[in-house]
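Notes to accompany the following structure.
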Amino acid sequence: MNELNDKGSVHLAISAGVASVVFDRPAARNAMTWAMYERLNEICEQLAAETSVRVVTFRGAGGQAFVAGTDIEQFTTFRSGEDGVAYEKQIDQCIARLESLPMPTVAAIEGWTIGGGLAIATACDFRIATPGSRFGVPIARTLGNCLSVANLARLSAVFGIPRVKRLLMLADIVTADEALACGFLTQISEAGEIDAVLASLCERLAALAPVTQRVSKEGLRRLVNHALPSDEDLIRRCYGSDDFREGVSAFLAKRSPAWKGS
């Protein structure tokens, strides 16, 4: 992972009723820093009040990744499971705000969409991707941490529980073809055509009844998030474990972790 002095940013532009959000840290495959999550949260808060915006698009800069998760170096400051609980709450708040945007949202994906990046893409209503794009949450192989129950619910709603178990417990990576076949992706497009495909999808969405879109989206969101169980004990156990500390250390040292189950 690149040094944190390359902090990156998240940019917002609005034109002709379409808001474009870009994750801009290509040297680190757009891995999210705390500041980038905060900026995304601010952008979503702003967009929720933008009545002129009909569609919001999200994409990563550089053409190699959508978002390759959270920058791992930031986890070196964690001292206990409580740090993990606070982190997952922060991420949940940010993803929930994106998911709750009243207008349709589209993720335009080129390349790696991993961990927190997959959570961001999953919170969008529609996803298009290039053929070489890849999707995963390989934390059982890399960090030894976990996801919140809210993010598990979102992933299960689009991938199905058996496939989510593959992503989390086997650290499998899903191809664009498989993601299309299971309904996660709306369309696969060649890299040179994805801008046109995105523009066409935005135009189609903007031409339809916004109130119907808004209430349908919110109804589905309520179904997915209905009565989510508590997960702080699970998060505290994972982020407070020796395995998590080993995973972070091994990742930054570019070696294989030695899991001990404690």
Looking at Asn30 and Arg25, would you say the former's side chain and the latter's main chain have a donor-acceptor pair under 3.5 Å?
yes

Salt bridge (charged side-chain N to carboxylate O under 4.0 Å, His left out) with Glu110: of Arg59, Arg134, Arg29, only one passes, and it is Arg59

Under the ring-ring contact (aromatic ring centres under 6.0 Å, His included) test, residues paired with Trp34 that sit two or more places apart
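With neighbours one apart ignored, the set is Tyr87.
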
Check this for me: does any side-chain nitrogen of one of [X] and [Y] sit under 4.0 Å from a carboxylate oxygen of the other?
X: Lys260; Y: Glu246; result: no
X: Arg245; Y: Asp242; result: yes
X: Glu218; Y: Arg222; result: yes

Ring pair (Phe, Tyr, Trp, His ring centres under 6.0 Å) partners of residues 122-172, not counting sequence neighbours, each pair once
Phe135-Phe184, Phe159-Phe184

CD (Glu82) with more than 12 external heavy atoms under 6.0 Å:
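Atom CD in Glu82 is packed in, count exceeds 12.
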
Assess whether atom CD of Gln64 is packed by more than 12 heavy atoms of other residues, nucleotides or ligands within 6.0 Å.
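Not buried by this count: 12 neighbours or fewer within 6.0 Å.
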
Once side chain to side chain donor-acceptor pair (under 3.5 Å) is applied, do any residues pair with Asn145, and if so which ones, sequence neighbours excluded?
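For Asn145 the side chain to side chain donor-acceptor pair (under 3.5 Å) partners, ignoring immediate neighbours, are Tyr239.
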
Can you measure from CD (Gln74) to CG (Asp83) and round to the nearest 0.5 angstrom?
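Result: 13.0 Å between the selected atoms.
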
Common cluster, Ile194/Val56, ILVMFWY with side-chain heavy-atom separation under 4.5 Å
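In one cluster: no.
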
